[in-house]
Amino acid sequence: MTAEAAGPAETRASWIPMVGLFLAQVLMSFNVAALPVSLGGIVEEFDVAPTVASTSIVTYGLVVAALVMVGAKLGQRVGQVYLFRVVVVAFAVSSLMMIFGPSVGWVIGAQGLAGACAAIIVPSLVALIAENYHGLQQATAIGSLGSARALSGVSAFLIGGTLGTLVGWRPVFLVVLVIAVAVFLLSFRLRSDRGNPDIKIDVVAAVLIGLAVVLLTLGFNNLSAWGILMASPDAPFDALGLSPAPLLIVLGIVLGQCFFVWTRRRERAGEVPLVSLTVLGAPSERAAVYAMFVVVVLEGALNFTVPVYIQIVQGRTPFDTAIAMLPFNLTVFITATLVVRFYGRFTSRAIGVAGFGLTTAGLAWLAFVVTNNWETLPTILGLIVFGIGQGALVTLVFNVLVTAAPKELAGDVGSIRGTTQNLASAVGTAFAGALLTTLLSWNIGRAITSLSLPAKIAEEIDLHNNDFISNDQLRDALANTAATPEQVNAFVMINTDARLDALKLGLLILAVISALAVLPASRLPKYRPHEIPDPSPQEP
């Protein structure tokens with residue numbers, strides 16, 4: 001679109017308020033991106049399993065996804081700017097809990113508080129951009145949120161990796177605190193708005209969607225611990241021998257459908273819904289949500305898998321994790337920033353299909369070439385290919401949703417974006433943990449049987465049900481058993497091979513999921529950005 005097309009009367013606003021909104025997106029994204037690189041330090045300091053430490057990641061995403069629609073309505077009721085400042089201060093408190101928390105429970109609680117704050121920040125970002133910017137500036141501001149998210153991934157892994165190696169994992173969250181203070185100060189440059197106390201919050205819809213998100217996340221997060229189908233001894237209960245995890249997932253899906261039925265009923269009755277489903281009225285808009293969910297699931301799964309293998313399995317430093325993830329994160333940032341240049345030449349549908357084609361190719365390639373060394377050229381190439389597809393898709397699907405909705409529904413678009421992204425991130429992390437540990441246990445059990453190793457020793461060290469452990473940790477555990485040196489070496493070989501096989505098969509399964517996402521991508525709109533009509537009602 002040219003400047004002339006935008007209209008000569010368009011008044012340019014200062015970009016200083018946008019700096020605060022940009023940093024608010026960085027604040028949330030940096031906090032989330034810093035968690036995977038801190039997993040090793042959290043596991044070591046608090047002596048907990050990696051899956052327990054990753055619960056902090058899941059908790060953050062769960063709380064955001066469960067509360068973001070309510071957060072959007074609270075912003076409209078109280079006032080976006082006032083509430084924005086309050087929750088930024090609360091986000092700073094969560095960073096202090098991360099810095100000084102004495103147990104892993106404090107870490108999980110801190111991320112729960114951060115998630116509640118993000119549930120209000122996420123929808124307010126879109127609403128505040130719509131309030132403070134118009135025309136080309138608004139389009140540029142919306143696009144910057146995608147690049148802010150990608151930039152946070154790069155900086156969090158580099159800064160977090162360096163600090164985690166040289167000082168420890170806690171100082172990483174000093175950066176979160178500093179960003180929160182900067183956002184709070186810059187928020188006073190935002191155009192002030194008045195809340196509307198007449199806005200009512202649909203409590204029934206809030207409960208339905210909140211419970212649906214909680215049940216879905218708990219179900220996915222405990223597939224490994226409670227059992228994928230049959231209940232394990234660690235399951236809190238069982239239903240005729242079935243694991244509660246898949247039951248929670250099914251119940252969550254049912255409650256999610258009830259939310260949509262209830263919301264449509266309110267809209268037909270002329271009542272204000274928790275979120276307007278008109279932003280999902282067209283098949284192309286629903287396809288954008290499906291595509292967004294899948295691409296964030298893939299990102300969450302990869303961001304969990306790589307740090308676990310490097311820090312827990314290989315026993316290397318957070319800085320090594322940062323270096324290993326740098327090709328991926330840097331590629332996502334660059335692609336998210338530059339992909340808008342292709343909007344004038346290719347349709348959203350073409351870019352979406354190509355993006356998922358790249359993520360599928362990258363994951364499938366990694367499944368065949370990955371080794372226990374993440375710095376090999378073939379592995380780096382796979383991460384770059386995946387990053388190109390990821391960066392293009394994250395920016396694209398958000399732009400499709402925003403440009404298709406009227407400005408007065410900006411908060412609803414933001415809440416749907418927040419629910420989708422954070423639920424997908426939580427599900428992706430939980431799914432990766434359950435998938436990899438299940439594959440690991442299956443591989444180890446098969447290998448022990450085929451090599452006729454003493455099952456008693458395997459049971460004594462609980463190798464079948466163990467999370468990922470390094471070979472040194474395994475040798476220490478075997479030293480307290482009756483295993484001979486030959487048997488120790490055999491168990492270590494089994495552990496090494498089983499971990500790598502689980503990783504390869506896990507990546508291949510993710511590639512299949514990515515390939516299936518081409519279906520919703522093929523339903524994205526055919527238009528180019530400069531062809532998008534203004535969906536807002538025309539003034540008489």
Side-chain angles (χ1 to χ4, degrees), residues 39-40 43-44 47-54 223-225 227-228 232 234 301-302 304-318 320-321 323-324 363-380 382-383 432-511:
L39 280 180
V43 168
E44 181 179 357
D47 192 24
V48 295
T51 49
V52 174
S54 69
L223 280 172
S224 177
I228 294 180
S232 71
D234 295 328
L302 190 71
F304 171 80
T305 301
V306 177
V308 163
Y309 266 83
I310 293 178
Q311 296 184 53
I312 308 303
V313 174
Q314 299 175 349
R316 300 172 69 181
T317 66
D320 292 322
T321 304
I323 296 301
L363 289 169
W365 173 262
L366 285 171
F368 287 100
V369 305
V370 72
T371 65
N372 285 321
N373 181 7
W374 286 87
E375 286 83 13
T376 63
L377 183 59
T379 303
I380 293 174
L383 289 173
L435 175 65
L436 293 177
T437 52
T438 299
L439 292 174
L440 176 68
S441 178
W442 183 72
N443 288 337
I444 288 176
R446 187 182 60 173
I448 290 175
T449 301
S450 64
L451 294 177
S452 300
L453 289 171
K456 182 178 179 181
I457 294 177
E459 292 173 359
E460 190 174 346
I461 61 175
D462 199 21
L463 187 59
H464 290 285
N465 300 316
N466 234 325
D467 279 306
F468 286 87
I469 59 174
S470 67
N471 288 339
D472 290 339
Q473 291 173 314
L474 179 58
R475 289 182 186 276
D476 291 341
L478 289 169
N480 299 320
T481 69
T484 65
E486 291 77 14
Q487 290 172 339
V488 169
N489 291 333
F491 275 114
V492 170
M493 180 189 69
I494 288 174
N495 190 45
T496 302
D497 294 341
R499 291 179 322 208
L500 188 57
D501 290 343
L503 174 62
K504 287 176 175 288
L505 186 54
L507 289 170
L508 196 58
I509 292 173
L510 292 177

(request) Output, in order, the C-alpha distance, side-chain angles, deciding distance and verdict of side-chain contact (heavy atoms from CB on, under 4.5 Å) for Leu510 and Leu302. (result) CA-CA 9 Å; Leu510 292 177; Leu302 190 71; 5.8 Å; no

(request) With sequence neighbours excluded, tell me which residues meet side-chain contact (heavy atoms from CB on, under 4.5 Å) with Ala364. (result)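 Scan of Ala364 (side-chain contact (heavy atoms from CB on, under 4.5 Å), adjacent residues dropped) gives Ala511.
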
(message) Restricting to non-hydrogen atoms, name the atom on Gly382 and the atom on Trp365 that form the minimum distance, rounded to 0.1 Å.
(response)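 Looks like CA-CD1, 3.6 Å.
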
(request) Locate the shortest heavy-atom distance separating Leu436 from Ala502; write the atom from each residue and the value. (result)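 Looking at all heavy atoms of both residues, the closest pair is CD2-O, 3.5 Å.
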
(request) Apply the side chain to side chain contact (heavy atoms under 4.5 Å, CB included) test between Leu503 and each candidate in Leu508, Val370, Val306; give the one that qualifies. (result)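 Only match with Leu503 under side chain to side chain contact (heavy atoms under 4.5 Å, CB included): Val370.
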
(message) For the CG atom of Leu383 and the CG atom of Leu363, what is their distance to the nearest 0.5 Å?
(response)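 Nearest 0.5 Å value for the CG-CG distance: 9.0 Å.
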
(message) Go through it in stages, so that I can follow the logic: the residues are Phe368 and Leu507, the test is side-chain contact (heavy atoms from CB on, under 4.5 Å), and I'd like the CA-CA distance, side-chain angles, deciding distance and then a yes or no.
(response) CA-CA 9 Å; Phe368 287 100; Leu507 289 170; over 6 Å; no

